[in-house]
Colleague: 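For reference, the structure I am asking about is given below.
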Amino acid sequence: MTGNGAIELIAVSKYYGSTIAVKSIDLKIPAGAYCCLIGPSGCGKTTTLRMIAGHEVISEGDLLIGQRNVTELPPVKRGTAMMFQNYALFPHMTCAENVAFGLRMQGVSPAERAERATEMLARVHMEKFADRKPDQLSGGQQQRIALARALITQPEVLLLDEPLSALDPFLRARMRDELRRLQQDLGITFVHVTHAQDEALALSDMVVVMEDGVIRQQGSPEEIFNRPRSRFIANFMGGQNIFKGRVTRADATATIIERGPDQFVLPVHGDAKTGEDLEFTIRTDLIGLAQEIPAGAEQCQIPVEITTVEYLGLWVRIVATTIDGKDITLMKTESEFRRAPVRRKEKFIAYWEPEHAHVLA
Amino acid sequence: MTGNGAIELIAVSKYYGSTIAVKSIDLKIPAGAYCCLIGPSGCGKTTTLRMIAGHEVISEGDLLIGQRNVTELPPVKRGTAMMFQNYALFPHMTCAENVAFGLRMQGVSPAERAERATEMLARVHMEKFADRKPDQLSGGQQQRIALARALITQPEVLLLDEPLSALDPFLRARMRDELRRLQQDLGITFVHVTHAQDEALALSDMVVVMEDGVIRQQGSPEEIFNRPRSRFIANFMGGQNIFKGRVTRADATATIIERGPDQFVLPVHGDAKTGEDLEFTIRTDLIGLAQEIPAGAEQCQIPVEITTVEYLGLWVRIVATTIDGKDITLMKTESEFRRAPVRRKEKFIAYWEPEHAHVLA
Amino acid sequence: MAVTREKRPTAFYFLAAFFALFVLFLYGPMLTIFILSFQGPNGGLTFPMNGFSFHWFVNLFEQQAVGDFGGSFLRSLKLGLIVMVVTVVVSFMAGLAFRRRFRGDTVVFYLAIASLIVPSILISLGIGLLFNIFQLQPQWYSSALGAHLTWTFPFGLLIMFAVFNRFDPSFEEAARDLGASNWQTVRHVVLPMVAPSLIGVAMFSFTLSYDEFARTLMTAGSLNTLPLEIYGMTTNVTTPVLYALGTLTTVFSFVVIGLAFGAVVLLRRRKA
Amino acid sequence: AQNIKNVTLRQFGTGVSNINAVADKVKEDLGFTLQMTALDSDAVAQRAVTQPNSFDIADIEYWICKKVFPAGTLQPMDTNKIKNYDKISPLFISGKLTPDSKIAQGTAPHKVGFVEGPDSTDFASAPTQWMTLIPTIYNADTLGIRPDLIGRPITSWAELLNPEFKGKASILNIPSIGIMDAAMVSEAMGEITYGDKGNMTKDEIDQTIALMIKAKQDGQFRAFWKSFDESVNLMSSGEVVIQSMWSPAVAAVRSKGIECKYQPLKEGYRAWGGGIGLAKHLSGLELEAAYEYINWYLSGWVGAYLNRQGYYSAAPETAKKFMTEDEWGYWMEGKEAQGDIVSPEGKVMEKAGAVRDGGSYEERMGHVACWNSVMDENKHMVRKWNEFIAA
Amino acid sequence: MSASNSKRGSYFLITPMALVFAIFLVIPLLTIVVVSFWDYDEYRILPDFILENYSYLLGTSVTWKIYLNTFKYAALTWAFTLGIGFTVAYFLAFHVRSLTWQIVLFMVCTIPFWTSNIIRMISWIPFLGRNGLLNQALMGAGVIHEPLEFLLFSDFAVVLADVHLYTLFMVVPIFNSMMRIDRSLIEAARDNGASAWATLRHVILPLSKPGIAIGSIFVITVVMGDFITVRLMSGGQSASVGLQISNEIGLLQYPAAAASAVVLLITVLLIVTALLRLVDIRKEL
Ligand SMILES: Nc1ncnc2c1ncn2[C@@H]1O[C@H](COP(=O)(O)OP(=O)(O)OP(=O)(O)O)[C@@H](O)[C@H]1O
Ligand SMILES: Nc1ncnc2c1ncn2[C@@H]1O[C@H](COP(=O)(O)OP(=O)(O)OP(=O)(O)O)[C@@H](O)[C@H]1O
Ligand SMILES: [Mg+2]
Ligand SMILES: [Mg+2]
């Protein structure tokens, strides 16, 4: 289990007839990393994963796994293993048989097969269910069998396609913990496709955001969440309010943009040019509400009226509308909210600290 | 649109052969309320909703809608309308025809039908899609057509079975806003079945938690979330850590319980008796971490070691383990966390304020 | 209270009555066969009854004055089994092929549909003519087999379509992921999973072949299959032995289906 | 022939004479295997022409022979190898039962009974050494009636279209044969006079069919029959009280205890005959076995068997040896039965005292008005017949 | 695993079926077309190119009569099998609640089909005959005094036997379609105030269309090509296209039969094409 699990995609494309599912993407995933692919439906996540797995022919480009060019190799020769979204457990086999299937295909003797399958089942705490058929298991149990089956061939890379989407929220959180623990124990590379932002943030060392068959941004979860590179990513990852305005001043000390009657001061941004449009974001939890314009916030405030107050347990979600009809979302912890409750129709000044504004590239 | 939408279930039961799906439940939903039924899979939510709708015969008990006993009436005579989980749009009819179906059944003339259907489509912003077939629409669009179809007969009560579960998170949030707005506009009673806690909390005036065919707790979202009545509800609604101990002192000034070497002081609780076991919960966001036992927190602290730190964007989820192996979950806002970051394997004192402890009945 | 509320709609009773009539309609004429198969030794094919006996059941197993009952039965059985095996194998293969688009797939599909709708007698005529023109000898195991296959393949293929439309390809991918070759994937994963449907195809194709008349008419060659023999008997045999055959096959199928159903129920109960 | 026992000969024909009992007896007497396939008459003709390799011996009717033999699928037989050639009824040699009989219309067997040479397919006008079919079985057909349901004597073919029997009459639906019955009826009714019923002109055909169509549209017919048993069933179930019928079919109805009469008519009978022919491909040992079979066929056992069913044997003299005197008297001489008459299967067919309808062999075969035939205008006739059926 | 490889696999897999269709369907049908232009005499078919077969076939009023008659049978049989089949399927799909009962009742309907078609057909004869069970029962009950003649050897008998033989072929696909109708659609209709009848009319019927189309294709093609039923049940008195072809075959008039066959084939294809417009079979399975 050395560095054989590094994955490198070089200008990889996938065409289905005339539609392009994946457009010449480049991606390096270090060995032992937990990488999440995320993006809206149809953006090419599954296609990318399946090309790595070898279940989809790569139309153009090269795929390296652990320095070897595996572009043309069959799945089993790539050192990858895949866990399918619906687990794809063979319904006519018991759990033990499912897990042992890979060994059986390798021609391992029944005795050894049984032994190793039992070991693997024990690892996922499913040894008691060895003789059950998959349809007699709950979703979470099935998932563990699917994991065991994928791991028995000792892959360098585990590929997971929306492994948690079929589970209820509790089980999802638990399985998330288990996945992370397993990955840390095994030290192999995980590539995980998901459409849930929290999952991607919670699990990964590296998040890859895709759109329309192209990688839009890749980086650590914090980077992606706090410093989205585009409006799309900000929207998609959530937790951000996006503002747009025209640059009125851009120099080494400040960037100032104008939006209707308001002026906002932004952190210094090299690329900004006077007269251009610029977008910036402010995290929903970093906006405050006040009756009066707080001192020093003259250029990072905007008057609003509260339109929705939504209780979410630990959070309260507040939607406030500006005079020109733009909705701003604010998240307050329940404690904060209790300290300073607001109600529908009330008017406030929404404000933030200049350094919390993030300019979209 | 007066108070005709009040719903009252009196000792309603449902048997399927020998299995009991719903056990003699009593429930009053005031007219114009937004009520969410929530509970684990198979607890009888759908059955209850369908009994109200008239799609399932009530085995025992009575159902009153707007003071009328409608137990034996067919769906259309109850003044209810239902929106189905998969929307159940007629695939062979256009959107306009789907929406107009109820009017057609009432024998309304084609011209008037078309007009009213167009109006209703406009209300859900779907007038442009009037001539499409349902399979040419996205999930969210289908949902709006389903809503329009349910509303066209001007029901007093709208029944919704997991209306948002098929949507992706963004669309879910948007549809949530629309549902709430619609309900406020129409002023009719909504009964909404869901298995998502956040949905129930966000939408409803009244949450009803079911388990095993029985209502376990009903009340406002805050009540249910902050003051769960049982371990089951606390677990189910989430956001709580549950502790269990033996009462060592219970009088008018304090309740103190013992758990291993630790002693915890709880708010005064009338029912507590010395020597008995008692459970209490503390919200995950109300637990602090400190190096030393903070002053005054001698009897509401516990030493822990951090085992998981999970970045969730606005939140960081921390799992800490006590000496005897119990996991405690803490939620810190990202800002809080950044101010005082913790790492795996670090040891802390977890503490809380005595009044934040909530004793389970 | 619980009971009275679970009322069935009135329509149910009308429909149930209709259904009962339909069943009566299906079985009514069989009933006449059933009765007439107990004709006395001198009885004829029609009423009135001429005594009561098991004569014709006994006679069924004896040599007939005309024709070769046992031989044609065995032939039909053999032909049915061959058709069954070939149909299962070929439909399964074709089903697999149709999961991917390939050039000519629509052609084969429409051929199958055509094969289904071309009146049987035309197939019979065409194959008969073909063999005639090329001076080939029609045989039950060549021309008749071919004629039957054109009848069973469309059904087999359509059933396979229905099966594979619902078959999740990720099962095969999972197998391949675990190192199974194409053949192993089919053998260990696909085949066991679609086996119940294949049994359906098998039963269906056997029944179709076993009972096929028009397509065999000009293609059977010198030896008759059972339906041809029965048809020949309707023109050549004056005795209720035919009815005895009908009665016996019906009773037989009742027993087979009853046993199969019982077995399924038993299995399910044991599982539960 | 030392290994003749290994030979298997495949014979096919209609159910009338393709009887398993014959095959059993062959096995017993000659030692080789005869495989029998029974078909309806259409299928017989079809197979004889289209599947020449599917059989060794064809058991076909003479009128079919007229169609089949020219197709070249059969080989003629050398009369020198046929031991009982001289015992064959003169009907099949000269066409005259007795030297002074009149030759009947239609495809009389002798007209297609011989060809010019061993490789010829042209029928000879006089007997030669090369015979197309060895006659096996023949009979004279007339109307069968249910006397119990009719209750008055019937004497003419014309009665078939008598409105009295509206919805209770039937006719044979094999065009070549049915047209003959129709012609007998038309002639008897005085509607049409024919040059040769066995070879009608287009005009005669059209007139005949027109008459039949009219009858059909007036609801004269209950059903048409195509095979022996259909006629039996129609008659015994009482669906039909008068129809053209074959003699053994009448016997079959009677054996069920139902009154049925094979009614001799003043216009005479319509006759038919069958024979066995050898497939072209037969040679060597198989051919030898086939000749042995033919000789055996004419040697009497089969003749007696067929006689007992109510048909006639081709070589009556040889058959006589295999029948009791009482049987011979009843079946062939028109005498009153002394004891019960039993069928070959041992079933009582007639009680003692019965007399055969139509009388003796000479009485019947001497009054043949016409033989089943194929006409020159066959194609036209068949088309018209189809019109009749579709009308 | 390359694309061309998997394509080759598909071709390998489809070859046996394609071959059988080619040899036993396409070539024979082509043969029929070719032979339909040949000449024939009493016992032979003569290679030639003549249009006489067609000109006679299309020129004679018999053909039109026969087609009319065949259409009559097809239409009546179709109407009855559809009516009965739909009702039975509806009962099984929507009024029988447990799967076990559905299977049992289905089996009850299927079992007669294991008995030879011909035997099932001729079993009507003693039932419907002049002295048959039915007439005797009716006369015994005093309902009628004269036996009803139209029961047997009539169009009635033909259609009756056809309906008896083929209704199940209507039931199965319609039942299949109905079972695939989402039950919540029915409830949605009820919720909108539709009566049981309106639900049937506006929801179930339109959604059963694929099944109806498939069943109709089956019944119509079978009846259009049928000849045994017509022959046995009409007592040989009626004609159908199939019977005509079979007669011609019997009389060795193969070219005439082939010409009839070509015309029949075209007719059936036209009907089926029309029906297929209503439903995409490949998708509906
Ligand atoms: N077999 C195929 N044939 C044609 N187009 C395809 C095929 N599979 C995928 N596509 C197209 O390729 C694009 C990418 O699909 P892919 O399945 O990778 O998306 P995804 O990101 O996994 O989406 P989801 O979140 O919905 O699973 C889509 O536009 C899809 O329509
Ligand atoms: N038609 C039925 N026949 C028998 N049992 C049924 C039937 N419908 C529901 N049940 C049973 O009744 C109980 C309640 O079912 P119900 O569908 O109301 O659950 P639910 O709360 O809606 O669950 P979910 O979240 O999974 O939709 C379950 O135990 C279920 O198995
Ligand atoms: Mg995907
Ligand atoms: Mg539910």
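Fair warning: this is a prediction, and the values are worked out from it, not measured in the lab. All chains are named by letter (A, B, ...) in the order of the sequence lines, taking the proteins before the strands, and each is independently numbered beginning at 1.
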Colleague: What part of E:Val108 gets within 4.5 angstrom of chain C, counting heavy atoms only: side chain, backbone, both, or neither?
Modeller: both
Colleague: Quick one: are E:Ile84 and C:Phe18 in side-chain contact, heavy atoms under 4.5 Å?
Modeller: yes
Colleague: Go through C:Leu149, C:Thr150, C:Thr207, C:Leu125 and name the one with the most non-hydrogen pairs under 4.5 angstrom from chain E.
Modeller: C:Leu125
Colleague: Do you know which of C:Phe19, C:Phe34, C:Phe92 has the most heavy-atom pairs with chain E at a distance under 4.5 angstrom?
Modeller: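 Greatest number of close heavy-atom pairs with chain E: C:Phe19.
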Colleague: Which region of C:Ser124, side chain (C-beta onward) or backbone (N, CA, C, O), has a non-hydrogen atom less than 4.5 Å from a non-hydrogen atom of chain E, or is it both or neither?
Modeller: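 Neither part.
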Colleague: Check whether E:Ala261 gets within reach of chain C through its side chain, its backbone, both or neither, counting any heavy atom under 4.5 Å.
Modeller: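 Backbone plus side chain of E:Ala261, per the 4.5 Å heavy-atom cut-off to chain C.
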Colleague: Parallel, tilted or perpendicular: which fits the ring planes of E:His164 and C:Phe25, with parallel below 30° and perpendicular above 60°?
Modeller: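 Rings of E:His164 and C:Phe25: perpendicular, as their planes differ by over 60°.
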Colleague: By a 4.5 Å heavy-atom criterion (distance strictly below it), what part of C:Met160 contacts chain E: side chain, backbone, both, or neither?
Modeller: neither
Colleague: Check each atom of C:Phe153 against the heavy atoms of chain E and say whether the ones under 4.5 Å are side chain, backbone, both or neither.
Modeller: both
Colleague: At a 4.5 Å cut-off on heavy atoms, which part of C:Val90 comes close to chain E: side chain, backbone, both, or neither?
Modeller: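 For C:Val90, heavy atoms of backbone and side chain both lie under 4.5 Å from chain E.
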Colleague: Between C:Phe102 and E:Tyr11, how do the two ring planes meet: parallel, tilted or perpendicular, split at 30° and 60°?
Modeller: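 Perpendicular: the ring planes of C:Phe102 and E:Tyr11 meet at over 60°.
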Colleague: Any non-hydrogen side-chain atom of E:Phe21 less than 4.5 Å from a side-chain atom of C:Pro154?
Modeller: yes
Colleague: Heavy-atom distances under 4.5 Å only: say whether C:Thr10 touches chain E with side chain, backbone, both or neither.
Modeller: neither
Colleague: Considering only heavy atoms, which portion of C:Ser115 lies under 4.5 Å from any heavy atom of chain E: side chain, backbone, both, or neither?
Modeller: both
Colleague: How far apart are the C-alpha atoms of C:Leu122 and E:Val268, what are their side-chain angles, what is the distance that settles it, and do they pass the side chain to side chain contact (heavy atoms under 4.5 Å, CB included) test?
Modeller: CA-CA 12 Å; C:Leu122 301 193; E:Val268 171; over 6 Å; no
Colleague: As an exercise, state the distance from CD1 of C:Ile121 to CD1 of E:Ile228, rounded to the nearest 0.5 Å.
Modeller: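 Here the interatomic distance stands at 8.5 Å.
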Colleague: Checking heavy atoms, do the side chain of C:Phe12, its backbone, both or neither come under 4.5 Å from chain E?
Modeller: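 For C:Phe12, heavy atoms of backbone and side chain both lie under 4.5 Å from chain E.
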Colleague: Going by heavy atoms in the side chains, are C:Ile33 and E:Phe127 under 4.5 Å from each other?
Modeller: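 No; the side chains remain at least 4.5 Å from each other.
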Colleague: Please classify the contact between C:Ile133 and chain E as side chain, backbone, both or neither, with a heavy-atom cut-off of under 4.5 Å.
Modeller: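 Interface part for C:Ile133: side chain.
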Colleague: Between C:Arg99 and chain E, which part of the residue has a heavy atom less than 4.5 Å away: side chain, backbone, both or neither?
Modeller: neither
Colleague: Between C:Ala147 and chain E, which part of the residue has a heavy atom less than 4.5 Å away: side chain, backbone, both or neither?
Modeller: backbone
